[in-house]
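Comments concern the structure below.
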Amino acid sequence: MTEKVLISTCKYEGKYFAVGISSKNGKIIRITLPKKSEEEAIEEITNIYQDYVINNENQNIAREIAVIYSGKQSDVTIDHLELSTGKYSPFKSEFMRDVLMETCKIPCGSVESYKSLAKKMNTHAYRAVGTALAKNPYPLVIPCHRVVRSDHLIGKFGGGSEMKKELLVKEGVKIRGNKVVEK
DNA sequence: TCGATGGCTTGTA
DNA sequence: CTACAAGCCATCG
């Protein structure tokens with residue numbers, strides 16, 4: 001099935017992050033958004049990968065995720081991610097990978113809409129773009145929080161809209177109420 | 001295989 | 001401003 005997953009966690013500002021690393025090639029296969037407890041963070045990974053060890057061997061990477069969360073640049077990039085597609089891969093389909101690769105192109109400090117992302121991919125499946133983003137295995141590293149609704153409302157987010165808003169504010173996006181302000 | 005369900009969009013009232 | 005309805009298309013059970 002799948003190889004053993006090495007799980008590491010870190011605490012940052014009272015929140016807990018977890019990362020799962022493939023023992024096979026050292027690539028990241030899962031990242032969690034900050035959780036209230038360490039167990040909750042770990043569980044998000046062990047729910048998917050049954051063959052795992054929690055050894056904090058890669059705590060440096062977990063810390064880097066917290067760095068990104070704090071709004072700073074990190075040297076953990078998509079080069080560190082497992083980008084394969086398939087039933088047992090982080091990306092379940094080509095479509096999902098395409099969507100997430102496209103969102104990687106959105107620069108810090110700007111946003112894109114679900115629809116414009118779909119357009120760039122030559123499809124009208126903006127709704128499916130949303131579901132693909134909802135399943136992003138690498139939040140923060142793949143900036144799914146930079147995708148908002150086309151009417152400029154913030155839209156939904158795995159970690160809650162409030163967190164999505166905070167992340168955008170940290171990146172310098174101008175927001176009024178629940179809307180991104182036009183330039 | 002088929003229907004239900006989304007981190008959506010546009011139009012109408 | 002809010003409230004619906006219809007349309008969209010990949011995914012999941």
Side-chain angles (χ1 to χ4, degrees), chain A residues 1-2 5 15-20 28-36 40-41 43-50 65-66 68-71 76-78 81-183:
Chain A
M1 273 293 217
T2 56
V5 176
K15 304 283 182 64
Y16 296 84
F17 295 81
V19 294
I28 301 172
I29 57 172
R30 192 85 192 181
I31 292 171
T32 72
L33 286 167
K35 304 291 179 189
K36 290 188 297 293
E40 196 182 341
E43 207 177 313
E44 186 170 311
I45 299 178
T46 59
N47 279 342
I48 307 166
Y49 299 98
Q50 280 74 36
I65 304 307
I68 300 175
Y69 177 69
S70 74
V76 170
T77 63
I78 59 168
L81 308 177
E82 174 60 52
L83 300 176
S84 60
T85 65
K87 194 174 175 188
Y88 299 110
S89 299
F91 296 145
K92 299 301 171 203
S93 66
E94 291 292 316
F95 178 83
M96 183 176 173
R97 175 154 59 61
D98 291 347
V99 169
L100 293 169
M101 289 301 104
E102 199 62 46
T103 89
C104 284
K105 297 181 189 169
I106 308 172
C108 184
S110 62
V111 296
E112 190 88 55
S113 77
Y114 296 95
K115 188 178 188 183
S116 63
L117 264 192
K119 200 169 185 178
K120 284 188 173 181
M121 297 171 51
N122 243 334
T123 170
H124 298 286
Y126 36 78
R127 193 130 193 211
V129 166
T131 47
L133 289 170
K135 292 179 177 143
N136 180 9
Y138 312 118
L140 301 173
V141 173
I142 295 182
C144 53
H145 57 280
R146 293 184 195 145
V147 187
V148 300
R149 292 175 29 159
S150 59
D151 56 8
H152 300 119
L153 278 171
I154 300 290
K156 301 195 184 177
F157 187 61
S161 314
E162 276 310 306
M163 191 168 135
K164 185 170 182 176
K165 193 200 289 189
E166 285 168 22
L167 285 167
L168 292 173
V169 169
K170 283 179 194 172
E171 295 183 353
V173 177
K174 297 267 178 292
I175 293 174
R176 200 164 45 212
N178 281 313
K179 268 195 166 184
V180 173
V181 177
E182 287 267 31
K183 276 175 246 161

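The side chain of A/H124 sits closest to C/dC8 out of C/dC8, C/dA10, B/dG7. Residue A/A134 has its side chain nearest to B/dG7 when only B/dG7, C/dT11, C/dA10 are considered.
Regarding A/N122, its CG atom lies at a distance of 16 Å from the C1' atom of C/dA10, rounded to whole Å. At whole-Å resolution of the value, CZ in A/R149 and P in B/dT9 are 6 Å apart. In this structure, A/D151 atom CG and C/dT2 atom P are separated by 11 Å, rounded to whole Å. Atom CG of A/L153 is separated from atom C1' of C/dC1 by 12 Å (rounded to the nearest Å). Remark: P of B/dG7 and CG of A/L168 are 17 Å apart, rounded to the nearest angstrom. Put simply, OH on A/Y126 is 17 Å from P on B/dG6, counting in whole angstrom units. Remark: C1' of B/dC8 and NE2 of A/H152 are 14 Å apart, rounded to the nearest angstrom. Protein atom NZ of A/K115 is 17 Å distant from nucleotide atom C1' of B/dG7, rounded to whole Å.
Nucleotide C/dC8 has no partner under the Watson-Crick or G-U criteria, as no pair reaches both atom distances under 3.5 Å. The base-pairing partner of B/dT12, taking Watson-Crick or G-U wobble contacts with both distances under 3.5 Å, is C/dA3.
Distances shown here put a side-chain N or O of A/S93 below 4.0 Å from the OP1 or OP2 atom of C/dT11. Between A/K135 and the phosphate of C/dC12, there is a side-chain N or O to OP1/OP2 separation shorter than 4.0 Å. For A/S150 and B/dT10, the shortest distance from a side-chain N or O to OP1 or OP2 is below 4.0 Å.
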### Task
In sequence, state the C-alpha distance, the side-chain angles, and the governing distance for A/K35 and A/E44, and then conclude on salt bridge (Lys or Arg N to Asp or Glu O under 4.0 Å).
CA-CA 10 Å; A/K35 304 291 179 189; A/E44 186 170 311; 2.9 Å; yes

### Pair A/E112-A/K120, salt bridge (Lys or Arg N to Asp or Glu O under 4.0 Å): steps then yes or no
CA-CA 11 Å; A/E112 190 88 55; A/K120 284 188 173 181; 3.4 Å; yes

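Nucleic acid contact class of A/S161 (heavy atoms, under 4.0 Å, all strands): none. Counting any heavy atom pair closer than 4.0 Å across all strands shown, A/K164 reaches a base atom.
Counted by atom type alone, A/S89 and A/S84 present one or more donor-acceptor pairs between their side chains at under 3.5 Å.
Of the residues near DNA chain C, A/T131 and A/R127, the one whose nearest nucleotide (by heavy atom distance) lies more toward the 5' end is A/R127. When the nearest nucleotides of DNA chain B are assigned to A/V148 and A/A128 by heavy-atom distance, the more 5′-ward of the two goes with A/A128.
Crowding of A/K15 atom NZ: a count of heavy atoms from other residues, nucleotides or ligands under 6.0 Å not exceeding 12.
Look at A/E171 and A/R146 and you find a salt bridge, because one of the NZ, NE, NH1 or NH2 atoms lies within 4.0 Å of a carboxylate O, short of that distance.
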